[in-house]
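None of the values given here were measured: they were computed from a predicted structure.
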Amino acid sequence: MSSSASSHQVFVLMGVSGSGKSAVANAVANQLNAAFLDGDFLHPRANIEKMSAGHALDDSDRQPWLQAINDAAFAMQRTNQVSVIVCSSLKKSYRDTLRHGNPNLSFIYLHGDFDTIESRLHARKGHFFKPQMLVTQFATLEEPGRDERDVRVVDINQPLDQVVAATLETISSVTDKSRTL
């Protein structure tokens, strides 16, 4: 297994449910031929059952999930030039858990307003997230501050193809910068 090269980058697409993380990440990973992981697949069964019943997760519920994503990011950055992970990463402490031991990890915050995201959630089919939990997600969200220099923001209040293009540009700016270091 190769060591973590500075040119190997992991991008966590973050934001509240309904912000388009999975759709954007799938499109980006396909266009870049990048490794892809939907962090929701690493939720323990108890978390999925709790969310399916309409209950919000607490920090103790999230800790094993975040650690599993941290471990996955570590493995991905060692073996892939570009990797994309979907994870809500709503609090700074969650982002800090994901950063720990992963020097080549950056976040792309898919930012949108409540009304836009609520309308998207109402249109969703076959996902365990309940739209009424959006209020809880926005209450939990700690928007990244200037001290989080590894977070880039992409505005989702535009068509999906434009969000994908903006995300690809963001990834390119990070990977181009890492190559020149």
Indicate the atoms forming the closest heavy-atom contact of [X] with [Y], along with that distance.
X: Q158; Y: A166; value: NE2-CB, 4.5 Å
X: Q9; Y: S106; value: OE1-OG, 4.3 Å
X: I69; Y: C87; value: CD1-SG, 3.7 Å
X: D38; Y: S22; value: OD2-OG, 3.1 Å
X: A72; Y: L37; value: CB-CD2, 3.6 Å
X: A35; Y: M76; value: CB-CE, 3.8 Å

Check whether the side chains of [X] and [Y] place a donor and an acceptor atom closer than 3.5 Å, and report yes or no.
X: T97; Y: N70; value: no
X: D59; Y: Q63; value: no
X: D113; Y: T116; value: yes
X: Y94; Y: E142; value: no
X: Q77; Y: H8; value: no

Can you tell me how far apart [atom1] ([X]) and [atom2] ([Y]) are? Round to the nearest 0.5 Å.
X: R95; Y: L66; atom1: CZ; atom2: CG; result: 11.0 Å
X: S172; Y: E169; atom1: OG; atom2: CD; result: 8.0 Å
X: Y109; Y: T170; atom1: OH; atom2: OG1; result: 14.5 Å
X: R78; Y: N102; atom1: CZ; atom2: CG; result: 11.0 Å
X: K91; Y: E143; atom1: NZ; atom2: CD; result: 15.0 Å
X: Q31; Y: N26; atom1: CD; atom2: CG; result: 11.5 Å

Tell me if a side-chain donor or acceptor on [X] pairs with a main-chain N or O of [Y] at a distance below 3.5 Å.
X: S19; Y: V16; value: yes
X: E118; Y: L134; value: no
X: W65; Y: N47; value: no
X: K21; Y: G15; value: yes

| task | Not counting sequence neighbours, which residues clear ring-ring contact (aromatic ring centres under 6.0 Å, His included) with F107? List them please. | result |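 For F107, no residue satisfies ring-ring contact (aromatic ring centres under 6.0 Å, His included) once neighbours in sequence are set aside.
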
| request: Only counting residues at least two apart or in another chain, list the ones meeting ring-ring contact (aromatic ring centres under 6.0 Å, His included) with F41. | output: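 Result, ring-ring contact (aromatic ring centres under 6.0 Å, His included) vs F41: none returned.
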
| task | Would you check if L110 and V24 make a side-chain contact, meaning some heavy-atom pair closer than 4.5 Å? | result |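 Yes. Closest side-chain heavy atoms under 4.5 Å.
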
| Quick one: does D61's side chain get under 4.5 Å of H43's, heavy atoms only? |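 No. Closest side-chain heavy atoms not under 4.5 Å.
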
| Can you say whether the rings of F114 and F138 are parallel (under 30°), tilted (30 to 60°) or perpendicular (over 60°)? |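 It falls in the tilted class, 30° to 60°.
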
| field | Verify same cluster id: L98, F36 (apolar side-chain graph, 4.5 Å) | value |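 Yes, same cluster.
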
| said: Are I85 and V153 linked, directly or through intermediate hydrophobic residues, by side-chain heavy-atom contacts shorter than 4.5 Å (ILVMFWY only)? | reply: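 Yes, one cluster joins them.
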
| query | Under 6.0 Å from the CG atom of D58, do we count more than 12 heavy atoms belonging to anything else shown? | reply |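 Count over threshold, so yes.
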
| query | Quick one: which of N33, V174, L32 gives a side chain to side chain contact (heavy atoms under 4.5 Å, CB included) with V82? | reply |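 By the side chain to side chain contact (heavy atoms under 4.5 Å, CB included) criterion, V82 pairs with just one of N33, V174, L32: L32.
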
| request: Quickly, which of I171, V84, V151 forms a side chain to side chain contact (heavy atoms under 4.5 Å, CB included) with I108? Name it, please. | output: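 So, applying the side chain to side chain contact (heavy atoms under 4.5 Å, CB included) to I108 and each of I171, V84, V151, only I171 qualifies.
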
| message | Applying side chain to side chain contact (heavy atoms under 4.5 Å, CB included) to T167 and V154, what does each step give before you reach the verdict? | response | CA-CA 7 Å; T167 304; V154 171; 4.0 Å; yes

| field | E148/K92 ion pair, N-O < 4.0 Å | value |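 No.
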
| field | Residue pairs involving residues 149-168 (criterion salt bridge (charged side-chain N to carboxylate O under 4.0 Å, His left out); sequence neighbours excluded) | value |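 Matches after skipping sequence neighbours: R99-D150.
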
| task | Would you check, one step at a time, whether the test side chain to side chain contact (heavy atoms under 4.5 Å, CB included) holds for I156 with R120? | result | CA-CA 11 Å; I156 65 159; R120 291 178 182 184; 3.3 Å; yes

